[in-house]
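Since the structure comes first, as structure tokens, the remarks are kept for the end.
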Amino acid sequence: MASLNVGSLGEYLREQRRNAQLSLRQLADAAGVSNPYLSQIERGLRKPSAEVLQQVAKALRISAETLYVHAGILDAERERTEVETRAVILADPSLNERQKQVLLQIYDAFRHENGSGADDEHGGDEHDQGDAEPSSSS
């Protein structure tokens, strides 16, 4: 009965929405997705893209990575430390939203530099060969 973790994602989303005391319509509006589409995600009928998950996470003020894990996009065991680190940063009440985003960007940059970055969209091939210098006689 395990169909791509979509069911558990929907259940998790519904739980988070209820914890945030938002109606389905309110969350759909805040996330910029249609009410029927969000309903289908919650019922496990649709598998949303990472972009949609990011929009929903932002509207719920939770970690997008947590949603990625529930959707089966990220491997739960391998990414647990990253998710926990991001959750701590996002939950810190002494930081404003801009500071949180800057910290997450720095964290992503260090992870990418060290070869464990999960976000290829933050700079795919600019550091493909690590610190190897290009040959000057190309």
Checklist entry - Can you tell me how far the CG atom of Leu27 sits from the CG atom of Leu22, to the nearest 0.5 Å? => result 6.0 Å
Item to check | Leu53 and Leu9, any side-chain heavy atoms less than 4.5 Å apart | outcome: yes
Next on the checklist: Tell me whether Lys100 contacts the main-chain N or O of Leu90 through its side chain, where contact means a donor paired with an acceptor under 3.5 Å.
Outcome noted: yes
Checklist entry - Can you tell me how far the CG atom of Leu67 sits from the CD atom of Gln16, to the nearest 0.5 Å? => result 7.5 Å
Item to check | Close side-chain approach of Leu13 to Leu60, heavy-atom, < 4.5 Å | outcome: yes
Checklist entry - Ion pair present between Glu97 and Arg61, side-chain N to carboxylate O less than 4.0 angstrom? => result yes
Checklist entry - Are any of the side-chain heavy atoms of Leu103 and Asp92 separated by less than 4.5 Å? => result no
Item to check | Tyr12 with Leu24, same ILVMFWY side-chain cluster at under 4.5 Å | outcome: yes
Next on the checklist: As an exercise, state the distance from OG of Ser23 to CG of Asp29, rounded to the nearest 0.5 Å.
Outcome noted: 7.5 Å
Checklist outcome for this item: In short, Lys47 meets Tyr37 closest at the heavy-atom pair O-OH, 4.3 Å
Checklist entry - Atom OG of Ser63 and atom CD of Gln54: how far apart are they, to the nearest 0.5 Å? => result 10.0 Å
Item to check | Donor on one side chain, acceptor on other, Glu51 and Ser49, under 3.5 Å | outcome: no
Checklist entry - Is a donor on one side and an acceptor on the other found under 3.5 Å between the side chain of Gln55 and the backbone of Ala31? => result yes
Item to check | Donor-acceptor contact present, side-chain Arg14 to main-chain Glu42, <3.5 Å | outcome: yes
Next on the checklist: In the structure I gave you, are the side-chain heavy atoms of Gln26 and Gln21 within less than 4.5 Å of one another anywhere?
Outcome noted: no
Item to check | Single-linkage hydrophobic cluster, 4.5 Å side-chain cutoff, Leu95 and Tyr107 together | outcome: no
Item to check | side chain to side chain contact (heavy atoms under 4.5 Å, CB included) evaluation trace for Val52 with Ile41 | outcome: CA-CA 10 Å; Val52 168; Ile41 293 170; 4.3 Å; yes
Item to check | Shortest non-hydrogen contact between Ser8 and His70, atoms and distance | outcome: OG-O, 3.7 Å
